**Student:** 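Below you'll find the structure I mean.
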There are 2 protein chains.
Amino acid sequence: MAENKHENILRAAQKLFAERGYDGTTVPMIAEEAKVGAGTIYRYFENKQKLVNELFRGSVAQFAATLQAGFPEQKDFREKFRHVFYQLIRYSREQPEAFRFINATVNAYFLDEQSKSDFEGFMDFIERHLDEGKEAGLLRDLPSQAFIAIVYGTIFHLSRTFEDGILEPDDELLAGIEKSCWDAISAG
Amino acid sequence: MAENKHENILRAAQKLFAERGYDGTTVPMIAEEAKVGAGTIYRYFENKQKLVNELFRGSVAQFAATLQAGFPEQKDFREKFRHVFYQLIRYSREQPEAFRFINATVNAYFLDEQSKSDFEGFMDFIERHLDEGKEAGLLRDLPSQAFIAIVYGTIFHLSRTFEDGILEPDDELLAGIEKSCWDAISAG
DNA sequence: AAGACCGGAATGAACGTTCATTCCTCTATT
DNA sequence: AATAGAGGAATGAACGTTCATTCCGGTCTT
C-alpha cells in the first residue's frame with residue numbers, strides 16, 4: 001500500500017493538472033481525487049512544487065521511453081521517421097492526460113532547472129534523429145527545429161482534435177497524416 | 001484617460017496571463033502592472049472571470065481581423081493559402097502574448113459559452129477556406145481538421161520556437177516552412 | 001473672478017474565504 | 001507498550017472582492 005499512495009497521488013495530480021492547470025488545482029483537490037488525507041501528500045512530497053516537478057519528470061521519462069521503445073536502429077531513415085511519428089501519436093493517445101500536462105507545463109514558471117533540462121534532453125533525441133536525415137540529404141534545407149515544429153506541432157494539435165472528439169483516429173487517417181508530415185520535411 | 005484604464009488593465013492582464021496563466025495571476029498583480037488600484041479593476045470588470053473572458057474575446061476578434069485583412073478573394077486558392085499562413089505567422093509575431101494567451105486558454109474551464117463559440121467561429125473561417133481547396137480537388141483526401149492540425153499546429157509550435165529564441169524568423173525560413181505546409185496538404 | 005459645492009472615478013485597507021502547509025490525534029501493527 | 005503511518009483539524013498567509021473614503025474636474029453662487 002505504501003508505494004501505491006505515492007503513485008495514486010501522482011495520478012490524481014496528473015489528471016487535475018491536465019484539466020485545470022497547476023494553480024487551478026488545490027492540494028485538497030488532489031487529496032480527494034487520490035482518496036488520501038491532505039496531510040498524507042506531505043509525507044510523500046515536500047511541497048506542491050516538488051510534486052509537480054516530480055510528476056513532470058516522470059511523465060517526460062515515460063514519454064522518452066515510449067519513443068525509444070522498439071526504435072528500428074538498423075532500418076533506413078524513412079522507417080525511423082515513421083517509428084517516431086507513430087510513437088508520438090501512441091503516447092498522446094495512450095496517455096492523453098500526461099501528454100496534455102507535459103505540453104501545458106513545458107514553459108511554466110514553476111518548473112525547476114532539472115525538469116527543464118530533462119525535457120530538453122528528450123527533444124534533443126528527436127532533433128538528433130532529424131539531423132541524421134538531414135545529413136543523409138533526405139530532408140529539405142531547413143533547420144531541424146523547423147521539422148520539429150511541423151511534426152510535433154501537428155501531433156500536438158491533432159491530439160487536441162482527437163480529445164475533443166472532432167476527429168476519430170483511425171489507421172487510414174493516421175497514415176495519411178504521417179505521409180503529409182513526411183512530404184512536408186523530405187527533399188524534392 | 002477613462003478608456004485608457006480599461007485598456008491598460010486588459011494589457012496588463014494579457015501579459016500576466018500569458019506568462020503565468022489565469023490562476024497563477026492575482027488581481028493585485030494585474031493592478032500593479034496596470035498601475036491602478038486593485039479596486040479600480042472592479043469599476044471596469046464585474047470580476048476576474050468576466051475580465052479574462054472579455055480579454056479572450058477581444059484577442060480572438062483581433063486575430064480574426066488580422067486573418068481576414070487583405071484576404072485575396074479574387075486570387076486562386078494557392079494565393080489564399082499563402083495569405084492565411086502568413087497572416088497567422090504575422091499575428092503570432094506581432095502579438096505574441098495574445099497568441100500564447102489564446103492558445104493556452106482555448107480549453108480552459110473558466111471560459112464561458114460565448115467565448116468558446118467566438119473561437120469556434122474563428123476556426124470555422126479557416127476550415128471553410130480549406131474546404132474550398134478540397135472541393136477544388138487541390139488538396140489531399142483528408143478531413144479539413146487534419147489540415148488545420150498541420151498548419152495551425154506547425155505555426156503554434158513555431159511561435160514557441162521563435163519566442164524562446166531557438167530560431168530566428170526570416171523571410172527565407174518562413175517561405176520554406178510555408179512551402180512545407182503546402183506540400184503537406186496539397187494533392188499529388 | 002473666486003470660492004463653495006457636487007458627483008463620479010479612483011483608491012487601498014479590510015472582509016470573509018480558501019489556500020498550502022503543519023501538527024496532533026487516532027489507528028494498526030508488532 | 002511502542003512505533004509508524006495516516007488523516008483531517010488547525011494555522012497563518014494570501015486570495016478575490018467590497019466599501020468607506022479621498023480625489024479631482026466642472027458648475028453654480030455671489
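Keep in mind the model is a prediction, meaning the values are calculated, not measured. Order of the sequence lines fixes the chain letters, A, B, ..., with proteins taken first and strands second; residue numbering starts at 1 for each chain.
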**Student:** Compute the ring centroids of B/Phe99 and B/Phe162, then answer whether they are less than 6.0 Å apart.
**Tutor:** no
**Student:** Would you call the rings of A/Phe77 and A/Trp182 parallel, tilted or perpendicular, taking 30° and 60° as the class edges?
**Tutor:** tilted
**Student:** Just the rounded figure in Å: distance from P of D/dG5 to CG of A/Asn8.
**Tutor:** 17 Å
**Student:** Can you find a side-chain donor-acceptor pair between B/Asp183 and B/Ser180 that sits under 3.5 Å?
**Tutor:** no
**Student:** Measure from CZ on A/Phe45 to P on D/dG5 and round the result to the nearest Å.
**Tutor:** 16 Å
**Student:** Report the distance from atom CZ of B/Arg43 to atom P of C/dA10, rounded to the nearest whole Å.
**Tutor:** 6 Å
**Student:** Using the ring of B/Phe110 (Phe, Tyr or Trp, six-membered ring only), decide whether B/Lys48 places NZ or CZ under 6.0 Å from its centre and within 45 degrees of its axis.
**Tutor:** no
**Student:** Would you please name every residue forming a side-chain hydrogen bond (donor to acceptor under 3.5 Å, both in side chains) with A/Lys15, sequence neighbours left out?
**Tutor:** A/Glu33
**Student:** Calculate the interatomic distance between B/Asp23 atom CG and D/dG16 atom P; express it in whole Å.
**Tutor:** 9 Å
**Student:** Is there a residue in residues 47-57 of chain B whose heavy atoms reach under 4.0 Å of DNA chain D, and which residues are they?
**Tutor:** B/Asn47, B/Lys48
**Student:** Give a yes/no on whether any side-chain N or O of B/Tyr44 is located under 4.0 angstrom from OP1 or OP2 of C/dA10.
**Tutor:** yes
**Student:** State plainly whether the residues B/Glu54 and B/Lys50 are in salt-bridge range, i.e. N to O under 4.0 Å.
**Tutor:** no
**Student:** Just how far, in rounded Å, is C1' of C/dA10 from CG of B/Asn4?
**Tutor:** 15 Å
**Student:** Under 4.0 Å, heavy atom to any atom of DNA chain C: which of residues 27-35 of chain B qualify?
**Tutor:** none
**Student:** Looking for any heavy atom pair under 4.0 Å, which part of the strands does A/Thr40 touch: base, sugar-phosphate only, or nothing?
**Tutor:** base
**Student:** With a 3.5 Å cut-off and no angle check, do the side chains of A/Asp23 and A/Tyr109 form a donor-acceptor pair?
**Tutor:** yes
**Student:** Would a line drawn from the ring center of A/Phe71 to the ring center of A/Phe125 be shorter than 6.0 Å?
**Tutor:** yes
**Student:** Using 30° and 60° as the class boundaries, would you call the ring planes of B/Phe56 and B/Phe101 parallel, tilted or perpendicular?
**Tutor:** perpendicular
**Student:** Of the listed nucleotides (D/dG7, C/dA10, C/dA20), which one gets closest to any side-chain atom of A/Tyr42?
**Tutor:** C/dA20
**Student:** Could you check which of D/dG16, D/dA6, C/dT11 has an atom nearest any side-chain atom of A/Lys5?
**Tutor:** D/dA6
